[in-house]
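Below you'll find the structure, written out as structure tokens, and then a few comments.
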Amino acid sequence: MEKWFQLILNSLPRRFYARDTVVVAQDLLGKRIVRKIGRQIISGIITETEAYGHTNDSASHAFRRKTKRNQAMFDEVGRAYVYFTYGMYFCFNVVARNPEADAGAVLIRAIQPEKGVEIMKKNRGKTSEKNLADGPAKLTQALDITKKHYGLDLTSNKELYIAEGLEKQKKIISDSRIGIQTALDNLWNFKINI
DNA sequence: CTTGGGATGGTCT
DNA sequence: GACCATCCCAAGG
């Protein structure tokens, strides 16, 4: 059995997500997203994430109060929070927070494609392998992640989950989060170069 | 390489 | 009724 195939068999456990949202955002870098559609498999290494908090974070969807849309950010850690934005795109988050917090999630902003590149190209309507999944909405397009995945348990689902990835730790670059205008002092955008 | 405008609709005020 | 945790393309340097 090939090594990469063994690695993607097991999803990260619930306890991985039951830690501070910022720490989880950093630890998700280098991990592997696995998407199975029928008998086809897509995978990629996470290269950019952002942490979003609760009442401590004015840029977070959960800042004001619990709503139907942000409900998932208050639910069980390790589940997916998918939201619709700009009238045409979805963004994929993983619910994560320490047990004392009420809400929190990590936005997955970019992956480096690994397996299933042809499927990603098809899903993206592209012929080139460039820019396939290097943005939050490009990523959901490439992996066919939509609102139907809202609340999905990433620790037990077989069609979409996150597994171990790179073995070697990479240097993390911290920055302000993209596309927001408040809480700019929170350097909660994290990237690695592969 | 950078910049500006259009697409498009759910959510919140 | 405005705002968006965005992307793409065309035009300019």
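Per chain, numbering begins at 1; letters A, B, ... match sequence-line order.
- We find that CG of Asp134(A) is positioned 19 Å from P of dA5(C), with the value rounded to whole Å.
- Not one side-chain nitrogen or oxygen of Thr85(A) sits closer than 4.0 Å to the OP1 or OP2 atom of dG10(B).
- Note on Lys126(A): every side-chain N or O is 4.0 Å or more away from OP1 and OP2 of dC7(C).
- The nearest whole Å value for the distance from the CG atom in Asp175(A) to the P atom in dA5(C) is 17 Å.
- Within the 4.0 angstrom heavy-atom criterion, no nucleotide atom of any strand lies near Glu48(A).
- Between dC12(B), dT6(C), dC8(C), one nucleotide has an atom nearer to the side chain of Lys138(A) than all others, and that is dC8(C).
- Neither OP1 nor OP2 of dC7(C) sits under 4.0 Å from any side-chain N or O of Arg124(A).
- Distances were taken from every side-chain heavy atom of Lys147(A) (C-beta onward) to each of dA5(C), dT11(B), dC12(B); the shortest belongs to dT11(B).
- Regarding Glu50(A), its CD atom lies at a distance of 10 Å from the P atom of dA5(C), rounded to whole Å.
- Between the P atom of dA5(C) and the CZ atom of Phe84(A) lies a distance of 14 Å, rounded to the nearest Å.
- Between Leu28(A) and Ile162(A), the closest side-chain pair of non-hydrogen atoms falls below 4.5 Å.
- Pairing for dC7(C) goes to dG6(B), judged as Watson-Crick or G-U wobble with the two contacts each under 3.5 Å.
- For Tyr83(A), the side-chain atoms get nearest to dA5(C) when compared with the rest of dA5(C), dC4(C), dG10(B).
- Close to dT11(B), at under 4.0 Å from its OP1 or OP2, lies no side-chain N or O of Arg64(A).
- Set against dC7(C), dA5(C), dG10(B), the side chain of Met73(A) has dA5(C) as its closest nucleotide.
- Across the strands present, dG1(C) finds its partner in dC12(B); the criterion is a Watson-Crick or G-U wobble pair with both atom distances under 3.5 angstrom.
- With DNA chain C read from its 5' end, the first of the two nearest nucleotides for Gly87(A) and Ala137(A) is the one closest to Gly87(A).
- Base engagement by Leu107(A) is indicated by at least one non-hydrogen atom pair under 4.0 Å involving a base atom.
- For the residue pair Lys130(A) and Ser128(A), no side-chain donor N or O sits within less than 3.5 Å of a side-chain acceptor on the partner.
- Counting all heavy atoms, side chain and backbone alike, Phe84(A) lies closest to Arg69(A) at O-NH2, 4.2 Å.
- OP1 or OP2 of dC4(C) sits under 4.0 Å from a side-chain N or O of Gln181(A).
- Shown here for Leu132(A) and Met120(A), the closest heavy-atom pair between the two residues is CD1-CB, 3.9 Å.
- Atom pair Tyr86(A):OH and dC3(C):C1' shows a separation of 9 Å (rounding to whole Å applied).
- Residue Lys191(A) contributes atom NZ, which lies 18 Å from atom P of dA5(C) at whole-angstrom precision.
- What separates CZ of Phe63(A) from P of dC12(B) is a distance of 15 Å, to the nearest Å.
- Asn131(A) comes within 4.0 angstrom of nothing in the nucleic acid, heavy atoms only.
- Rounded to a whole Å, the NZ atom of Lys130(A) is 15 Å from the P atom of dC7(C).
- Note on Lys68(A): nothing from the nucleic acid sits closer than 4.0 angstrom, heavy atoms only.
- Side-chain atoms of Tyr89(A) lie closest to dT6(C) of the nucleotides dT6(C), dC9(C), dA5(C).
- The cationic group of Arg19(A) does not satisfy the cation-pi geometry with Tyr17(A), failing either the under 6.0 Å distance to the six-membered ring centre or the 45° limit from the ring axis.
- To the nearest 0.5 Å, atoms CZ (Arg35(A)) and CG (Leu143(A)) are separated by 7.5 Å.
- Between Arg69(A) and dC4(C) there is no side-chain N or O to OP1 or OP2 distance below 4.0 Å.
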